[in-house]
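Remember, it's 1-based here, ligands and their atoms both numbered in the order they're listed.
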Amino acid sequence: MTDKNLARFYAIAQEIWSQLPPQARFRPVEDGKVLARHRGFLEGLTGELVQGFYETLFAHPPTRAIFREGERPLREKTLRDWYLRTLAGPFNGQYFAWQALVGLVHVRRGVTNAMMAGMWNWLTEEVERRAREALSREEAEALAGAWRRLAFTVAALISEEYLDAYLEALAEAFGREPKEFRRLAQGEAERLLRELSPR
Ligand code: HEM
C-alpha cells in the first residue's frame, strides 16, 4: 500500500475509534500488557485456532461458498499471520488502520459483517475456554476481558469500514459523494419506518 493510502486508513481507523466510548473499547496500554503477559500461552493456541476457524467456516455452506477452490491454505496463512502479529503488538495506528482495511477486503469478497461477527464470537469463546482450563481464575478473567475488548473493537473497525467502502463504491459508480448516499439512506429509512407504523 502507498503511504498516501496508508495515511487514509489511519484517518479512517481514528475516526471509527473515536466513536467508541473509552470505557467500551480496547485499552491499548492495560489490555496490551495483559495480552503481552500471556503471549506464550496464546501463541501455543495458533494451530488449533486456525484449524478450528476454517473447519467452522468450511462446514457451513454459506461461509464455505465465499472461498475459491484450493484457497484454504492461503487463507489459513493469512489468519495465522494476522493472529501472530496481533499477539506480537504493538497496538498502534498502523495495526488499527490494517484492521479497518479488512472491511474493504471483505467487501471485495462478499464476506458479510454477520459472518465476521459470528467468527469473532467463535474466537472469543475458544480463547476464553482455553484460558479457563489453563490459567488461574484471576488471570483467565483478565485475559478473557482484554481479548473480548480487542474483539469488539476490531469488529467495530471492520464493520464500519465495510459500510464506508460500500458507500464509496456506490458513490464512485454513480459519480456521487458517499455523504449523499448516507443522507438518502436516512431519509428513506424514515419513510420506510413511517410505512411500517402507519398512524
Ligand atoms: C474474526 C473474524 C475475521 C477476522 C479478524 C478476519 C481478518 C482478515 C484479515 C486480516 C484479512 C487479510 C487482509 C489483508 O489483505 O491484509 C482477511 C482477508 C479475508 N477474509 Fe477475513 N477475517 C475474519 C472473518 C472472515 C470470515 C467469516 C470470512 C469468510 C466467511 C473471511 C474471509 C476472508 C477472505 C476470503 C479474505 C481474503 C480476501 C482477499 O485477499 O481476496 N474472513 N480477513
Side-chain angles (χ1 to χ4, degrees), residues 1-14 16-17 20 25-26 28 31-32 35 38-39 42-43 45-131 143-166 168-169:
M1 212 190 309
T2 64
D3 285 353
K4 196 171 145 234
N5 285 338
L6 191 64
R8 197 175 139 245
F9 276 93
Y10 258 72
I12 290 172
Q14 249 168 21
I16 301 169
W17 176 270
L20 306 175
R25 70 187 179 208
F26 182 71
D31 290 337
L35 294 176
H38 294 293
R39 183 173 168 188
L42 291 166
E43 281 181 352
L45 307 179
T46 311
E48 279 176 75
L49 289 179
V50 170
Q51 275 309 308
F53 191 93
Y54 279 99
E55 267 160 33
T56 306
L57 290 179
F58 274 75
H60 186 57
T63 43
R64 165 78 189 86
I66 297 291
F67 300 98
R68 301 180 181 129
E69 200 59 40
E71 189 184 2
R72 185 164 168 176
L74 256 177
R75 294 285 68 87
E76 287 183 358
K77 182 178 181 317
T78 305
L79 187 68
R80 168 182 297 268
D81 292 347
W82 166 83
Y83 180 68
L84 292 174
R85 160 61 185 90
T86 298
L87 301 183
F91 295 102
N92 54 11
Q94 192 182 11
Y95 177 76
F96 290 111
W98 177 34
Q99 304 316 296
L101 175 79
V102 175
L104 176 62
V105 174
H106 281 176
V107 171
R108 178 174 67 191
R109 294 295 301 270
V111 179
T112 67
N113 283 326
M115 294 171 180
M116 182 274 297
M119 287 316 288
W120 259 122
N121 187 41
W122 182 89
L123 259 186
T124 52
E125 272 184 17
E126 289 297 308
V127 168
E128 184 168 345
R129 183 168 59 77
R130 287 175 163 81
L143 178 54
W147 184 248
R148 189 187 58 244
R149 281 186 288 279
L150 180 73
F152 276 91
T153 302
V154 171
L157 285 160
I158 297 177
S159 58
E160 203 56 22
E161 168 51 21
Y162 189 97
L163 175 62
D164 280 354
Y166 231 102
E168 199 167 324

Close N/O pairs between ligand 1 and protein, under 3.5 Å:
residue	atom	partner	partner atom	Å
ligand 1	16 (O)	Trp98	NE1	2.8
ligand 1	20 (N)	His106	NE2	3.0
ligand 1	22 (N)	His106	NE2	3.2
ligand 1	40 (O)	Arg108	NH2	3.1
ligand 1	41 (O)	Arg108	NH2	3.1
ligand 1	41 (O)	Arg109	NH1	3.3
ligand 1	42 (N)	His106	NE2	3.0
ligand 1	43 (N)	His106	NE2	3.2

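- Residue-environment remark: OH (Tyr166) stays at or below the threshold of 12 foreign heavy atoms within 6.0 Å.
- Shown here are the side chain to side chain donor-acceptor pair (under 3.5 Å) partners of Arg39, two or more places apart in sequence or in another chain: Glu43.
- For the pair Ala13 and Leu157, the tightest heavy-atom approach, listed with the atom from each and the gap, is O-CD2, 3.7 Å.
- At a threshold of 4.0 Å, the pair Glu71-Arg109 counts as salt-bridged, since one of the basic side-chain nitrogens sits closer than that to a carboxylate oxygen.
- Between Asp81 and Arg85 there is no salt bridge, since no side-chain N of the basic residue sits under 4.0 Å from a carboxylate O of the acidic one.
- The minimum heavy-atom distance linking Trp120 with Ala151 is given by the pair CE3-CB, 3.3 Å.
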